[in-house]
Amino acid sequence: MTGREALTGRAEEVAPLLLGAVLSHTDDSGTVAVRLTEVEAYAGVGEDPGSHAHRGRTPRTEVMFGPAGHLYAYFTYGMHVCVNVVTGPEGIASAVLLRGGEIVLGESLARERRGSAVPLRDLARGPARLASALGIPLTDTGADLFEPPYALELPATSQPFETSARTGVAGPGGLLEYPWRFYLPGEPTVSPYRAHAPKRTPRAPS
DNA sequence: CGCACGATTTGCT
DNA sequence: GCAAATCGTGCGA
């Protein structure tokens with residue numbers, strides 16, 4: 001079975017396969033590889049309000065509907081890039097957000113991108129940090145992760161993992177929680193669990 | 001055409 | 001612990 005075939009399925013089913021996987025990216029500066037320790041699954045139309053593809057196909061989310069094994073990078077908060085691996089069969093939106101990992105190759109280059117004072121464990125801990133450490137540009141959305149300049153190696157055997165709640169969404173019976181955050185227990189590169197996004201304070205007028 | 005907001009990180013109090 | 005930084009996307013008018 002090829003890596004791409006293994007990734008073709010519902011995001012929450014495929015996500016555990018990405019734990020322990022090694023993603024590498026090469027550009028003019030060199031190569032950085034990360035062993036993934038924390039991921040989050042996002043589904044598609046209707047069932048997952050937390051997903052970008054929740055409302056259907058748009059120019060931005062188009063990649064999420066494509067074949068598995070491709071990159072979905074998006075820009076958020078005006079300053080950050082987050083990376084996903086598209087996992088669903090063609091036509092069904094689903095993706096796995098890479099939330100954290102451990103640098104296994106190219107530490108010096110990653111440190112150059114992230115800042116020299118950053119502790120090793122923090123180099124790729126957090127979605128935007130991971131994207132930054134790997135040097136993934138926003139414009140690489142849609143790139144095939146199984147072709148240069150990318151490489152994705154799935155673990156031979158599934159790693160023992162744990163899950164936790166991802167987001168709370170309003171459902172028929174109240175608040176629903178999706179246990180769609182997956183991580184390798186005991187890894188220092190797993191970000192501490194935060195309940196969910198605190199309520200945003202309104203912008204203070206002058 | 002205009003506006004509100006987000007799958008976050010960082011730094012200051 | 002809290003708030004700012006910053007801009008593309010998507011929805012409403």
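Values reported hereafter were calculated over all heavy atoms of this structure, with side chains retained and with hydrogens, waters and symmetry mates removed. Below, chain A is the first sequence line, B the second, and so on; all start at residue 1. Computed from a predicted structure; not experimentally measured.
Summarising the geometry, atom OG belonging to A/Ser164 is positioned 9.0 Å from atom CZ belonging to A/Phe182; distances are rounded to the nearest 0.5 Å. With rounding to the nearest 0.5 Å, the separation of OG1 in A/Thr87 from CE in A/Met64 is 8.0 Å.
Of the candidate nucleotides B/dG6, B/dT9, C/dC11, B/dG6 has the atom nearest to the side chain of A/Tyr77. Of the candidate nucleotides B/dT10, C/dT9, B/dA7, B/dA7 has the atom nearest to the side chain of A/Tyr42. The nucleotide whose nearest atom lies closest to any side-chain atom of A/Pro127 is, among B/dT9, B/dA7, C/dC11, B/dT9. Picking from B/dA7, B/dT9, C/dG8 the nucleotide with the shortest atom distance to the side chain of A/Phe75 gives C/dG8. Each of B/dT9, C/dG10, B/dA7 was ranked by its minimum atom distance to the side chain of A/His80; first place goes to B/dT9. Which of B/dT10, C/dC11, B/dA7 sits closest to the side chain of A/Arg129 comes down to B/dT10. When each of C/dG10, B/dA7, B/dT9 is scored by its nearest atom to the side-chain atoms of A/Arg60, the top-ranked nucleotide is C/dG10. Comparing C/dG10, B/dT10, B/dA7 against the side chain of A/Pro59 picks out C/dG10 as the nearest.
Going from atom CG of A/Asp122 over to atom C1' of B/dT8 covers 14 Å, rounded to whole Å. Between the CZ atom of A/Arg57 and the C1' atom of C/dT9 there is a distance of 18 Å, given to the nearest Å. When rounded to the nearest whole Å, the span between CD of A/Glu38 and P of B/dA7 equals 16 Å. Atom CG of A/Leu123 is separated from atom C1' of B/dT9 by 15 Å (rounded to the nearest Å). The distance from atom CD of A/Glu40 to atom P of B/dG6 is 15 Å, rounded to the nearest whole Å. Distance, A/Arg125 CZ to B/dT9 C1': 12 Å, rounded to whole Å. Rounded to whole Å, the distance from NE2 on A/His54 to C1' on C/dT9 is 16 Å. In this structure, A/Arg55 atom CZ and B/dA7 atom C1' are separated by 14 Å, rounded to whole Å.
Spacing of C1' atoms, C/dA3 relative to B/dC5, comes out at 16 Å, to the nearest Å.
Toward the 5′ end of DNA chain C lies the nearest nucleotide of A/Met79, the other residue of the pair A/Leu138 and A/Met79 mapping further downstream.
Side chain of A/Ser51 to backbone of A/Asp48: no donor-acceptor contact under 3.5 angstrom is found.
In terms of heavy atoms, A/Arg57 sits closest to A/Gly91 at NH2-CA, 4.1 Å.
Between A/His25 and A/Tyr150, the ring planes are parallel. Angles under 30° get that label, and only those over 60° would be called perpendicular.
For A/Thr76, no side-chain nitrogen or oxygen approaches OP1 or OP2 of B/dA7 to under 4.0 Å. For A/His52 and C/dT9, the shortest distance from a side-chain N or O to OP1 or OP2 is not below 4.0 Å.
Using the Watson-Crick or G-U wobble rule with both distances under 3.5 Å, B/dT10 pairs with C/dA3.
Evaluated for a side-chain contact (heavy atoms from CB on, under 4.5 Å) with A/Asn84, the options A/Val96, A/Leu97, A/Val39 yield exactly one hit, A/Leu97.
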